[in-house]
Enquirer: 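First, the structure itself, so that you have it in front of you.
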Number of protein chains: 2
Amino acid sequence: MTNTATLAPERSAPRKRDAEATKRAILDAAKIHFARSGYDGAYLRDIAADAGADAALINRYFGGKDGLFQAALKDSIAPDAISHWSRASFGLDVATMMAGHAHQQVERTHAFEFLLQAATNPATAKLLNVAVQERFLGPIRAWIGGKDAEPRARVLASVFIGLLVERLIRDEALEGAERDIFIKRTATVLQSLVEN
Amino acid sequence: MTNTATLAPERSAPRKRDAEATKRAILDAAKIHFARSGYDGAYLRDIAADAGADAALINRYFGGKDGLFQAALKDSIAPDAISHWSRASFGLDVATMMAGHAHQQVERTHAFEFLLQAATNPATAKLLNVAVQERFLGPIRAWIGGKDAEPRARVLASVFIGLLVERLIRDEALEGAERDIFIKRTATVLQSLVEN
DNA sequence: CGCTTAAGTCATCCCCCGTTGACATCTGTC
DNA sequence: GACAGATGTCAACGGGGGATGACTTAAGCG
């Protein structure tokens, strides 16, 4: 279960000494590796290699694998993922998006795979919980508003996550009548969670 | 990242020598561990301990960790995993279950959690797609019945998966009013996907 | 009873990978 | 251009955990 292939293009000209750029490169490589292989399956040596850096630097800059993971996690969760949708058409908008294919939005998919990996590892699930609370559930909660915002945000987030996973697993975009029904059903569910 | 608590009840009377029973015990323990901790996070020593067996036997009977994982996976995908539920109380039953905590091992969700783990493992991800299609979506589809069974099964599966993930990253069981609202909302969503 | 074979146990090996600290090299500043 | 501090490199260590094989014990059988 080792990853033989490196992902980053060959770095013929090793970058000038620049701690920030190096951190950035490590972080980017880490996100890809964590997304693809999970916490345990991602190896610091591989990440460092892809970043064109030495594994020891990960320790210096991030304080170890755990720190790197946390940093990558934070870097992966956009705090305002939900709130730019219009409430009136939320259900339909999201449903339509989910009917498409995951590969249509590559960067987001990477981020999401990463989060899924984090969720399925008990050790990292706790970290994810904190991050999700702050950066995902919080905004949704604020957006929903009202007394029951908290549990409702939970349900909405769950459904949202489920749809993302389904789209990830599905190997092609939905079409025709199937697509229509899917969108209609999904939109109904989502909208019912936002309204009322 | 070690699992201190054993799950199986104390085996005061070590079972009589019986290869089949031992295999069975190992397999059952493995399914729990893999479901909870994923491939990397599940340790053969722990599994063997829970099965009341020696780790070396895993090698003899399953040819290594990989073989055990495959065997457990195969054993986990029961084609009728969903149909145990009553249609009338499906929404409420599932919602109540999901309000609990992931550490409360729920017999009925083991298989799904296991599949979720398999989904995030590059080596087994391919298996999952087939498994989900044949063994999960299929039964749900048949169970729902009717003309639009296919896309509706999709939506139902999505929501189900989302709830599983949410439960994984939540660090405690929901309580009080929050729990009630969560259950009510979730039950409504699920039931609406089954009925009509 | 012995004998044989399967079932189970134990100690040990060995590889993998995160971590560490000493060392080398670059870069900016006076 | 020399010094200091930051940046990058290297080799080695050590723990964890899967694998292995020799050893022990139980079960079936004549």
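What you see is a predicted model, and the numbers here were worked out from it, not measured in a lab. Order of the sequence lines fixes the chain letters, A, B, ..., with proteins taken first and strands second; residue numbering starts at 1 for each chain.
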Enquirer: Looking only at the side chain of B:Asn59 (C-beta and beyond, no hydrogens), which of the listed nucleotides D:dT20, C:dA7, C:dT25 gets closest?
Expert: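 Shortest atom-to-atom distance from the side chain points to D:dT20.
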
Enquirer: Measure from the ring center of B:Phe69 to the ring center of B:Phe114 and say whether it is less than 6.0 Å.
Expert: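 Distance test on ring centres: under 6.0 Å, yes.
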
Enquirer: Charged N to carboxylate O under 4.0 angstrom, A:Asp28 versus A:Arg24?
Expert: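 Between A:Arg24 and A:Asp28 there is a salt bridge, with a charged N closer than 4.0 Å to a carboxylate O.
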
Enquirer: Side chain of B:Arg17, heavy atoms from C-beta onward: which of D:dT9, D:dT25, D:dA6 has the nearest atom to it?
Expert: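 In terms of side-chain proximity for B:Arg17, the closest of D:dT9, D:dT25, D:dA6 is D:dT25.
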
Enquirer: When you measure from the side chain of B:Tyr61, which nucleotide among C:dC10, D:dA27, C:dG8 comes out closest?
Expert: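 Within the option list, the nearest is C:dG8.
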
Enquirer: Does B:Ser158 offer a backbone N or O that forms a donor-acceptor pair with the side chain of A:Glu166 under 3.5 Å?
Expert: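 The answer is no, because no donor-acceptor pair under 3.5 Å joins these two groups.
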
Enquirer: Given C:dT9, D:dA26, D:dG18, which nucleotide is nearest the side-chain atoms of B:Lys65?
Expert: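 The listed nucleotide nearest to B:Lys65's side chain is D:dG18.
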
Enquirer: Is there a donor-acceptor pair closer than 3.5 Å between any side-chain N or O of B:Gln117 and the backbone N or O of A:Thr120?
Expert: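 Yes, B:Gln117 side chain to A:Thr120 backbone: donor-acceptor pair under 3.5 Å.
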
Enquirer: Would you indicate what B:Ala55 reaches in the nucleic acid, counting non-hydrogen atoms under 4.0 angstrom: base, sugar-phosphate, or nothing?
Expert: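 Answer is nothing: B:Ala55 stays at 4.0 Å or more from every strand.
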
Enquirer: Using the closest heavy atom to pick a nucleotide of DNA chain C for each, name whichever of B:Asp18 or B:Arg45 lands nearer the 5' end.
Expert: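 Per heavy-atom nearest nucleotide, the more 5' residue is B:Asp18.
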
Enquirer: Closest approach to the side chain of B:Arg60, judged atom by atom: which nucleotide of C:dG18, C:dA7, D:dT9 is it?
Expert: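 Closest nucleotide among those given: C:dA7.
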
Enquirer: So which nucleotide from D:dG8, C:dG8, C:dC17 ends up closest to the side chain of A:Thr22?
Expert: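 Taking heavy atoms from C-beta onward, the closest nucleotide is D:dG8.
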
